[in-house]
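Encoded as structure tokens, the structure appears first; notes follow it.
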Amino acid sequence: MSFYGCVAELLFFAARPFLNRKYDEGNEQRYGRYPDDLPKGALWIHAVSVGEVQSAYPFVREIKRQNPDTPVLLSTITKTGRAMAERLMGTLVQHIYYPWDSPSVLKRALAALRPAAYITIETEIWPEMLFQLRKRRIPAFLVNGRLSESSFRKYRRLRFFWKRVIRRYSLIMTRSERDRQRFIALGAEPERVKTTGDCKVDALIDRKNSADGAGLGEIFAGKEPLILAGSTHEGEEEVVFDAYAELLKVYPGLKLVVVPRHPERGRGLLDEASARKLGRVELMSEARGDWNVLVVDRIGVLFPMYRYVKAAFLGGSLVPKGGQNIMEPAIWGIPFCQGPDYRDFSDATEALKKTGLCSIVCDAREMRDFFDGVLSNGNSDFGRERQEFFAALSGASRRSWDLIKDFRSRNSPEKRL
């Protein structure tokens, strides 16, 4: 047993009471005990939670499109990830909970499941799992691989360890060339790291095409022009309200929608906006029609809202949170601004700035100027630049699966997928 394996075995044993309290569902599977009726020789795809499941969805669909009889197991760690998998993928996959990364647990899990291949989504890198897979000659792949600047710095401090870990992947497929170079800098062999694009773009295109608005058209009827502040955090809404107050002097009919990252903050934001005398302020759950500021206290409605707005501010960026998913407004062709802390989406931000869709603001004055610029330009069309940007990124799911199939064909001809 490796030194890491010994430490992991002791840590997971010691943490068992805590883990059993924190995760109150699927604990038998988390300890490697899986039902006998699960398919043997399946593709095992691991997506830790909601975001990774959304990235995995178009990839799974591509697998099933090309190879409809290939069984797929999808593992998550969180219950919300499982719920998202069931909603998006239904019978395309069979869901399991991911086993803890200790030798005894993984030996039991791999003996029960005997997967044909193991595929992780984004940055779920578990050292002991990769070691156990290598011992059994089961190929491991990383799809939609990404390394933020902060993660890269953290891994680089222990490069001697992570080099050995990431070299256990048969192939790493990254979202961008910058991600590819970071994996190589950590010790990955260059010929085993390929840039394939972002599977989340494929997922966003699907979501956009199927978005029905969930009754939003009725809520927003007659509310033009409309601007939106999405995924906001504490400390950002006051900047939005200051900018909106200035915009009202020029655009008295302008309406504002605020979608806090945590909907439970809605009531407090309603009180703050009301105290600023910004017109009629309502919560979405209580809206009766005539409002100037709408505070959203529901989850799952931000993405289709972009259909109805002229421009947006994306939160988590004026405060040190690293930004939010800027692809969501961009896929609709909505010009948007964000603050200077966009470290989690730096590549996409720089690319979208070149298309004219994305602007960086640092305070209420700059935010006001951004919205004023969009509103005064009428129906400016960013469609061509947006289409070119997403055309270059889409198709990552197909490219990733084609690379995995090719690797399997060349290295395990008796197990062609």
Do you know the tightest heavy-atom contact between V361 and P340? O-CD, 3.5 Å
Suppose we screen for ring pair (Phe, Tyr, Trp, His ring centres under 6.0 Å). Which residues come up paired with Y97, at least two apart in sequence or across chains? H95
Would you indicate whether the side-chain heavy atoms of L278 and L256 approach each other to under 4.5 Å? no
Between T355 and L352 (side chain of the first, backbone of the second, donor and acceptor by atom type, cut-off under 3.5 Å), is there such a pair? yes
Heavy atoms only: give me the nearest F345-G322 pair and the separation to one decimal. CD1-O, 3.8 Å
Spacing of L147 atom CG and S176 atom OG [to the nearest 0.5 Å]: 9.5 Å
N209 side chain to I205 backbone, donor-acceptor under 3.5 Å: yes
Would you say L269 and V293 make side-chain contact, with heavy atoms under 4.5 Å? no
Side-chain contact, heavy-atom cut-off 4.5 Å: L294 with I219? yes
Nearest heavy-atom pair of L357 and A330: which atoms, and what distance? CD1-O, 4.1 Å
Could you list the residues that satisfy ring pair (Phe, Tyr, Trp, His ring centres under 6.0 Å) with F59, not counting sequence neighbours? none
Electrostatic pair K354-E350, nearest N-O below 4.0 angstrom: no
Report the C-alpha separation of H46 and T120 in whole Å, then their side-chain angles, then the decisive distance to 0.1 Å, and conclude whether the side-chain hydrogen bond (donor to acceptor under 3.5 Å, both in side chains) test is met. CA-CA 5 Å; H46 177 51; T120 50; over 6 Å; no
Can you pull the ring-ring contact (aromatic ring centres under 6.0 Å, His included) pairs that have at least one residue in residues 159-198, sequence neighbours excluded? Y4-F161, Y155-W162
Check whether any side-chain heavy atom of C199 lies under 4.5 Å from a side-chain heavy atom of V143, and answer yes or no. yes
Neighbour count >12 (heavy atoms, 6.0 Å) for atom CD, E218: no
So, do M129 and R134 sit near enough that their side-chain heavy atoms are less than 4.5 Å apart? no
Please step through side-chain contact (heavy atoms from CB on, under 4.5 Å) for the pair M173 and L142, ending with a clear verdict. CA-CA 6 Å; M173 288 147 280; L142 180 63; over 6 Å; no
Side-chain heavy-atom pair Q132, R136 within 4.5 angstrom cut-off: yes
Under 3.5 Å, is there a donor-acceptor pair linking the side chains of Y244 and N292? no
Rounded to the nearest 0.5 angstrom, the CD1-OG distance for I404 and S409 is 11.5 Å
Side-chain donor or acceptor of N377 paired with backbone N/O of G373 under 3.5 Å: yes
Near E189 CD, under 6.0 Å, is it more than 12 heavy atoms from other residues, nucleotides or ligands? yes
For the pair D271 and R267, find out whether any cationic side-chain nitrogen is under 4.0 Å from an anionic carboxylate oxygen. no
D179/R175 salt bridge by N-O under 4.0 Å criterion: yes
Between R265 and E237, is there a side-chain N and carboxylate O pair less than 4.0 Å apart? yes
Determine yes or no for a side-chain-to-main-chain donor-acceptor pair under 3.5 angstrom, with D101 supplying the side chain and E128 the backbone. yes
Strictly distance-based, threshold 3.5 Å: is any side-chain N or O of N67 a donor or acceptor partner for the main-chain N or O of D69? no
Using only atom types and a distance under 3.5 Å, with no angle test, would you say the side chain of E366 pairs donor to acceptor with the backbone of C362? yes
Tell me which one of I45, L38, V93 satisfies side-chain contact (heavy atoms from CB on, under 4.5 Å) with L73. L38
Name all pairs fulfilling the salt bridge (Lys or Arg N to Asp or Glu O under 4.0 Å) condition that reach into residues 144-165, sequence neighbours left out, sorted by first residue then second. E122-R146, E149-R153, E149-R182
Where at least one partner belongs to residues 272-305, residue pairs that pass ring-ring contact (aromatic ring centres under 6.0 Å, His included), sequence neighbours excluded: F303-W332
Chi angles and distances behind the side-chain contact (heavy atoms from CB on, under 4.5 Å) call for Y98, W126: CA-CA 11 Å; Y98 194 74; W126 290 99; 3.5 Å; yes
Can you tell me which residue among K321, Q324, R261 is in a side chain to side chain donor-acceptor pair (under 3.5 Å) with H233? Q324
Short question: side chain of K64, backbone of T70 - any donor-acceptor pair under 3.5 Å? yes
Gap between atom CG of L88 and atom CZ of R61 - 0.5 Å precision: 10.0 Å
Check whether any side-chain N or O of R192 sits under 3.5 Å from a backbone N or O of L171 as a donor-acceptor pair, and report yes or no. no
May I have the step-by-step check of side-chain contact (heavy atoms from CB on, under 4.5 Å) for L254 and I227, ending in yes or no? CA-CA 8 Å; L254 183 65; I227 59 174; 3.9 Å; yes
Charged N to carboxylate O under 4.0 angstrom, K79 versus D24? yes
Lys/Arg-Asp/Glu bridge criterion (N-O < 4.0 Å) met for E224, K310: no
Hey, is the main chain of P190 close enough, under 3.5 Å, to the side chain of R180 for a donor-acceptor pair? yes
Would you please test M89 and V53 for side-chain contact (heavy atoms from CB on, under 4.5 Å) and show each step? CA-CA 9 Å; M89 303 186 207; V53 169; 3.8 Å; yes
So, taking the atom named CD1 in I138 and the one named CG in L110, what distance separates them when rounded to the nearest 0.5 Å? 5.5 Å
Any heavy-atom pair between the side chains of I96 and L113 that's under 4.5 Å? yes
Using a distance-only test with no angle check, is there a side-chain donor-acceptor pair under 3.5 angstrom linking S150 and S148? yes
Please report the shortest heavy-atom distance between L106 and P99, naming the atom on each side. CD2-CG, 3.7 Å
May I ask you to say whether D341 pairs ionically with R343, meaning some side-chain N is under 4.0 Å from a carboxylate O? yes
Closest approach of P127 and V165, non-hydrogen atoms and distance? CB-CG2, 3.9 Å
Is any side-chain heavy atom of V257 closer than 4.5 Å to one of K223? no
In terms of heavy-atom contacts, Q94 and P39 come closest through OE1-CD, 3.0 Å
I'd like to know if the side chain of S274 reaches the main chain of L270, judged simply by a donor and an acceptor atom lying under 3.5 Å from each other, with no hydrogens or angles considered. yes
Among residues two or more places apart or on two chains, list those pairs meeting salt bridge (Lys or Arg N to Asp or Glu O under 4.0 Å) that have a residue in residues 38-60. none
What about F407 and F141, are their ring centers closer than 6.0 Å? yes
With side-chain hydrogen bond (donor to acceptor under 3.5 Å, both in side chains) as the criterion, how do T78 and T76 come out once you've worked through the C-alpha distance, each side chain's angles and the decisive distance to 0.1 Å? CA-CA 6 Å; T78 67; T76 67; 5.2 Å; no
Is any NZ, NE, NH1 or NH2 atom of the basic residue among E28 and R30 found under 4.0 Å from an Asp or Glu carboxylate oxygen of the other? no
Under 3.5 Å, is there a donor on one side chain and an acceptor on the other for S394 and D202? no
